[in-house]
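Data first, discussion second: the structure below is written as structure tokens.
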Amino acid sequence: MSRSDLDQRLALIKPPNTTFQGDHDEILNCDLFKGHWIPDLQGSQYTNSSCTTIPTSKNCFHHGRQDTDFLNWRWKPDQCDLPRFDPKTFLEFVQGKKLAFIGDSVARNHMDSLLCLLSKVETPKDHFKDSDDRKRIWYFPGHDFTLMILWTKFLVDGEERVVNGSSSGIFDLHLDKIDKEWSRDLPSLDYVIISDAHWFFRPIYLHDDTGVVGCVYCNTPNVTDFGVGFAIKMALRSALNHINRCKKCKVRVTLVRTFSPAHFENGTWNTGGRCNRTSPLSEGEINLSSNEWELRSLQMEEIEKARIRDKKGKRFGVLDVTRAMLMRPDGHPGEFWGNKWMKGYNDCVHWCLPGPIDVWNDFLMAILRREAALVS
């Protein structure tokens, strides 16, 4: 972002005083996801000292990150103000309910951000942790609220091929079978935030009940390579169809979180790619014809199809984070993630805590209130 852009925006800023008691009608009718980042000297609502549940790989300051300006920005929709997340109001809203993030490590990143924000009001109990620290359940007894992450690579059933006793890096995805790692818990949930994407960038063979129907990154005779977008779209469609058809389920609202972009520069994750910027990009500096935006568009299409197919009063919405996060190459751990097994590699996929990912919970609270208002 240029200095002149920053000066112009500073001149227009008034201190953000919007809470969730703000203009309800404005939030209902506003496109929250089209906007830009503006300076906000209030900074983050928590620190890496006040939140004790931050995973070490997302605790960027602990691992030596020195700059803090990346915390001093807030998202400003073009048509309205986005209220800052209010943990007290959120816990009152979800009292007696269960909310789950369904997805990969970026979904976990989102849950950890929400956990830090809610812990300002009530310290949760660490209720469950599996042996791989992938499924986690936290319980807020004062509000009878359960928060969980249900970890899944592909949303559908996926298995890595084993060749001569070793992992091959090649996966078989069964688009007609839902991953039981999350589907078995679905009937108990009230709110679902579902996402997928980053595991699809590898060799994959796609199956339905008739056999192999296509692939991703393969070079196999008589098998069509449909590309990453097709695989993501079909897996998401299967997951949303499953939620829609689930007769035992009581899910009130299902939100799809759109593609969260990586920001590797001067290489990929394994060829020296880095993400060492310290400030956001402007709207004019992002590419809305990029692969990331195409994946986001495919996800948006599936959300609309799920809404059309819904005949049982289930609600499907979106956390459309892609545009906002395309502007935040400064928010990743980069070299400050402390992985002793992968020294020299940068994490430009996940997000520092605290960091720009916290805006996802500003979006979450606003969208949940919007969906609830449309039901009532």
Side-chain angles (χ1 to χ4, degrees), residues 51-59 90-91 94 96-119 122-141 143-160 167 171-174 177-200 202 232 235-236 238-240 242-243 246 248-257 260 319 333 337-339 341 347 349-351 353 357 360-361 364 368:
C51 181
T52 60
T53 57
I54 298 176
T56 183
S57 60
K58 312 307 180 297
N59 193 342
F90 186 92
L91 284 170
V94 295
K97 302 296 189 291
K98 292 183 178 181
L99 182 151
F101 291 89
I102 299 172
D104 58 19
S105 55
V106 180
R108 169 67 182 269
N109 203 177
H110 188 182
M111 187 210 71
D112 286 324
S113 166
L114 180 58
L115 191 62
C116 283
L117 290 162
L118 297 180
S119 296
E122 182 182 354
T123 301
K125 293 185 176 181
D126 191 347
H127 187 68
F128 178 82
K129 173 182 175 179
D130 69 10
S131 58
D132 295 321
D133 192 22
R134 286 184 166 173
K135 180 177 180 179
R136 294 294 299 268
I137 302 175
W138 300 84
Y139 181 62
F140 294 78
H143 295 82
D144 187 24
F145 170 60
T146 302
L147 175 66
M148 64 179 77
I149 174 72
L150 302 176
W151 199 90
T152 173
K153 295 183 182 80
F154 303 107
L155 300 179
V156 295
D157 188 37
E159 300 172 352
E160 185 173 8
S167 300
F171 286 81
D172 290 288
L173 261 62
H174 298 273
K177 298 178 182 177
I178 299 299
D179 186 352
K180 291 184 174 60
E181 292 300 317
W182 66 269
S183 63
R184 67 166 64 99
D185 288 296
L186 189 64
S188 69
L189 302 178
D190 298 286
Y191 299 103
V192 165
I193 298 95
I194 195 167
S195 56
D196 65 346
H198 290 284
W199 275 88
F200 288 81
R202 64 198 70 226
I232 290 175
L236 180 60
S238 294
L240 295 180
H242 179 76
I243 294 171
C246 181
K248 302 180 295 181
C249 295
K250 59 176 183 176
V251 177
R252 296 175 172 221
V253 178
T254 299
L255 300 179
V256 175
R257 194 260 300 149
S260 171
L319 292 180
W337 64 306
N339 192 312
W341 293 283
D347 182 357
V349 173
H350 302 95
W351 304 91
L353 296 175
I357 193 175
W360 296 8
N361 293 308
L364 175 61
L368 284 180

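We count residues from 1, following the sequence as given.
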Between the side chain of Trp182 and the main-chain N/O of Thr152, is any donor-acceptor distance below 3.5 Å? no
4.5 Å side-chain heavy-atom contact, Val256 and Leu240: yes
Out of curiosity, Glu181 CD to Phe154 CZ, how far, rounded to the nearest 0.5 Å? 13.5 Å
Please find the pair of heavy atoms, one from Ile54 and one from Cys116, that lie closest to each other, and give the distance. CG1-SG, 3.5 Å
Keeping Asn361 on the side-chain end and Leu364 on the backbone end, is there a donor-acceptor pair under 3.5 Å? no
Are the side chain of His350 and the backbone N or O of Ser57 linked by a donor-acceptor pair below 3.5 Å? no
Chi angles and distances behind the side chain to side chain contact (heavy atoms under 4.5 Å, CB included) call for Ile193, Ile102: CA-CA 6 Å; Ile193 298 95; Ile102 299 172; over 6 Å; no
Determine whether Trp360 and Ser260 make a side-chain contact, defined as any pair of heavy atoms from C-beta on separated by less than 4.5 Å. yes
Here the gap from Leu155 atom CG to Ile178 atom CD1, rounded to the nearest 0.5 Å, amounts to 7.5 Å
Verdict with supporting geometry, Ile243 and Cys249, side chain to side chain contact (heavy atoms under 4.5 Å, CB included): CA-CA 8 Å; Ile243 294 171; Cys249 295; over 6 Å; no
Ignoring hydrogens and geometry, is there a side-chain-to-backbone donor-acceptor pair from Asp179 to Asp157 under 3.5 Å? no
Side chains of Leu114 and Phe101: does their closest heavy-atom pair fall under 4.5 Å? yes
Look up atom OG1 in Thr146 and atom NE2 in His143, then write down how far apart they are to the nearest 0.5 Å. 13.0 Å
Taking the side chain as everything from C-beta on, heavy atoms only, tell me whether Glu159 gets closer than 4.5 Å to Phe171. no
With side chain to side chain contact (heavy atoms under 4.5 Å, CB included) as the test, would you mind laying out the steps for Leu115 and Trp138 before giving the verdict? CA-CA 9 Å; Leu115 191 62; Trp138 300 84; 3.4 Å; yes
Please name the pair of heavy atoms, one in Pro141 and one in Lys125, separated by the smallest distance, quoted to 0.1 Å. CG-CE, 4.1 Å
Side-chain touch Leu368/Leu255, heavy atoms, less than 4.5 angstrom: yes
Could you grab the distance from atom NE2 of His198 to atom CD1 of Ile232, nearest 0.5 Å is fine? 8.5 Å
Inspect the contact between Arg136 and Asp126 and indicate whether a charged nitrogen and a carboxylate oxygen are less than 4.0 angstrom apart. yes
Between Arg108 and Asp112, is there a salt bridge with N-O shorter than 4.0 Å? yes
Is Lys97 close enough and on-axis enough to Phe145, meaning under 6.0 Å and within 45°, for cation-pi? no
Mind checking the CZ-CG spacing from Arg257 to Leu319? Nearest 0.5 Å is all I need. 8.5 Å
Kindly say whether Pro333 contributes a backbone atom to a donor-acceptor pair with the side chain of Asp347 at under 3.5 angstrom? no
With heavy-atom distances below 4.5 Å as the criterion, would you say the side chains of Cys51 and Leu353 are in contact? no
With Leu150 as reference, evaluate Ile194, Leu186, Val192, Asp185 under the side chain to side chain contact (heavy atoms under 4.5 Å, CB included) test and give the passing residue. Asp185
Counting C-beta onward and ignoring hydrogens, is there a side-chain heavy-atom pair between Glu122 and Phe140 closer than 4.5 Å? yes
Is the NZ or CZ atom of Lys153 positioned over Trp199's six-membered ring, under 6.0 angstrom from the centre and within 45° of the axis? yes
For Tyr139 together with Phe128, are the ring centres under 6.0 Å from each other? no
Give, for atom CG of Leu173 and atom CZ of Phe200, the distance between the pair rounded to the nearest 0.5 Å. 5.5 Å
Assess whether side chain to side chain contact (heavy atoms under 4.5 Å, CB included) is satisfied between Asp190 and Lys250, documenting all intermediate values. CA-CA 6 Å; Asp190 298 286; Lys250 59 176 183 176; 3.6 Å; yes
